[in-house]
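In what follows, a single structure is set out as structure tokens and then discussed.
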Amino acid sequence: MKKHRGKPVVPITHPDIEAYCEMATTPEPDSILQLIASSDEELEYIDMLSGQLVGQLLKLLVASAGARRVLEIGTFTGYSAVMMASALPDDGRVDTIEMNLRYQDLAERHFRMFDDRGIIRLWKGNAQQIVKELEPGYDLVYLDGDKLQYTFYFEQCIPLLRTGGLLVADNVLWDGTVLQPGDHKAQAIAYFNEYVAKDARVEQVLLPFRDGVNIIRKK
């Protein structure tokens with residue numbers, strides 16, 4: 001999948017600046033590089049893969065929060081789930097939800113290869129239904145699934161988060177198209193950002209980081 005087929009976008013970060021930031025960020029381990037290579041071999045586009053900067057940010061947030069339970073909506077090929085799992089203790093768990101059958105197969109393969117502690121659970125199916133089955137008490141939620149449903153997932157996940165827990169929403173600038181949202185996804189993400197900004201239950205910072213990351217804390 002490619003996000004914007006031929007549509008003009010606003011560059012969030014100058015490519016040289018982003019390359020410099022990647023150079024100055026903790027490098028990905030060999031296992032993650034293998035996962036990226038495997039994803040690239042199997043798929044035409046891997047622009048939905050979170051990437052080094054977001055992956056390391058997620059890992060640091062999980063570690064800093066002392067998290068034990070993590071929920072991810074949108075597994076893709078497993079990159080971010082593996083990154084977050086690497087920061088969890090042995091009794092930790094990542095629940096990750098994916099609907100796309102091809103991505104499920106790739107993620108399962110990668111979890112067998114790179115989740116040697118078996119702490120990642122892949123939920124297969126529609127996240128809109130699955131989130132209703134989950135028990136509260138998550139320390140961190142990573143939202144990277146269907147952009148049209150971000151506000152729905154936010155409302156479903158806030159009750160699942162402990163007080164002080166974090167919800168991290170990726171792609172919240174959508175290549176800059178939220179400035180003048182002209183398609184359904186850009187409109188949905190722009191609405192989500194405005195919705196969160198008005199919600200008294202949370203505090204947040206939206207970072208112009210890669211494709212935009214909104215770090216939201218439940219009060």
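Worth knowing before you read on, the calculation uses all heavy atoms, side chains too, and leaves out hydrogens, waters and symmetry mates. Predicted model only: the values in this text are computed from it and were never measured. The first residue of the sequence shown is numbered 1, and numbering continues consecutively from there.
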4.5 Å side-chain heavy-atom contact, L53 and C21: yes
Rounded to the nearest 0.5 Å, how far does CG of D146 lie from CD of Q128? 7.0 Å
Within the side chain of D95, is there an N or O that forms a donor-acceptor pair under 3.5 Å with the backbone of L71? no
Any chance you could measure F152, atom CZ, to C157, atom SG, to the nearest 0.5 Å? 9.0 Å
Is there a donor-acceptor pair under 3.5 Å between the side chain of Y150 and the backbone N or O of L143? yes
Which atom names give the shortest non-hydrogen contact between I119 and A85, and what distance separates them? CD1-O, 3.6 Å
Tracing side-chain links under 4.5 Å among I, L, V, M, F, W and Y, which residues wind up in one group with Y20? M23
Can you name the nearest heavy-atom pair linking L166 to R217, along with the distance? CD2-CB, 3.8 Å
As an exercise, state the distance from OG1 of T75 to CG of D144, rounded to the nearest 0.5 Å. 9.5 Å
Are side-chain heavy atoms of L101 and Q104 found at a separation under 4.5 Å? yes
Same cluster or not: are L122 and M99 linked, directly or through other Ile, Leu, Val, Met, Phe, Trp or Tyr residues, by side-chain heavy atoms under 4.5 angstrom apart? no
Polar side-chain atom of K147 near backbone of I189 as donor-acceptor pair, under 3.5 Å: no
Side chains of Y138 and V70: does their closest heavy-atom pair fall under 4.5 Å? no
Quick test of your reading of the model: are R201 and E155 salt-bridged, counting only N-O distances below 4.0 Å? yes
Does some side-chain heavy atom of M84 sit less than 4.5 Å from a side-chain heavy atom of Y79? no
Judged by atom type as modelled, is there a donor-acceptor pair below 3.5 Å linking the side chain of E98 to the main-chain atoms of W123? no
With a 3.5 Å cut-off and sequence neighbours excluded, list the donor-acceptor pairs that the side chains of residues 105-114 form with protein atoms.
from : atom 1 : to   : atom 2 : distance (Å)
E108 : OE1    : K124 : NZ     : 3.2
E108 : OE2    : K124 : NZ     : 2.9
R109 : NH1    : E42  : OE2    : 3.3
H110 : ND1    : T77  : O      : 2.7
H110 : ND1    : L106 : O      : 3.3
H110 : NE2    : S38  : OG     : 2.8

Determine the minimum heavy-atom distance between A127 and I73, stating which atoms define it. CB-CG2, 3.9 Å
Go through it in stages, so that I can follow the logic: the residues are R69 and L140, the test is side-chain contact (heavy atoms from CB on, under 4.5 Å), and I'd like the CA-CA distance, side-chain angles, deciding distance and then a yes or no. CA-CA 7 Å; R69 291 185 66 201; L140 185 142; over 6 Å; no
Hey, is the main chain of Y142 close enough, under 3.5 Å, to the side chain of E72 for a donor-acceptor pair? no
Derivation and outcome, side-chain contact (heavy atoms from CB on, under 4.5 Å), residues K219 and T163: CA-CA 6 Å; K219 295 180 181 177; T163 299; 6.0 Å; no
If we ignore hydrogens and angles and just use 3.5 Å, is the side chain of R210 paired with the main-chain N or O of E18 as donor and acceptor? no
Should the heavy atoms of other residues, nucleotides or ligands under 6.0 Å from NZ of K198 be counted, would the total exceed 12? no
Could you tell me if the side chain of V168 sits less than 4.5 Å from the side chain of I216, heavy atoms only? no
Can a salt bridge be assigned to the pair D90 and R93 using a cut-off of 4.0 Å between side-chain N and carboxylate O? no
Of the non-hydrogen atoms in V172 and N193, which two are nearest, and what is the gap between them? O-ND2, 2.8 Å
Closest heavy-atom contact between A67 and P89? O-CD, 3.5 Å
Checking D139 side chain against R68 main chain: does a donor-acceptor pair fall under 3.5 Å? yes
Is E135 atom CD crowded by more than 12 heavy atoms from other residues, nucleotides or ligands, each under 6.0 Å away? no
Testing D199, V141, I158 for side chain to side chain contact (heavy atoms under 4.5 Å, CB included) with K218, which one passes? I158
ILVMFWY network linking Y195 to L161, side-chain heavy atoms under 4.5 angstrom: yes
Separation of E41 CD from I36 CD1 (nearest 0.5 Å): 12.0 Å
Any heavy-atom pair between the side chains of V202 and F154 that's under 4.5 Å? yes
From N171 CG over to D211 CG, what is the distance, rounded to the nearest 0.5 angstrom? 4.5 Å
What is the distance from atom CG of L57 to atom CE of M83, rounded to the nearest 0.5 Å? 10.0 Å
Would you say the side-chain atoms of Q204 pair up with the backbone N or O of N214, donor to acceptor, closer than 3.5 Å? no
Can you tell if the side chain of R121 reaches within under 4.5 Å of the side chain of V94, non-hydrogen atoms only? no
Please report the closest heavy-atom contact between I12 and G176, naming both atoms and the distance. CD1-N, 3.7 Å
Test item: D115 side-chain N/O and I120 main-chain N/O as donor-acceptor pair under 3.5 Å: yes
Can any side-chain N or O of D183 pair as donor or acceptor with the backbone N or O of K185 at less than 3.5 Å? yes
Determine whether L207 and V205 make a side-chain contact, defined as any pair of heavy atoms from C-beta on separated by less than 4.5 Å. yes
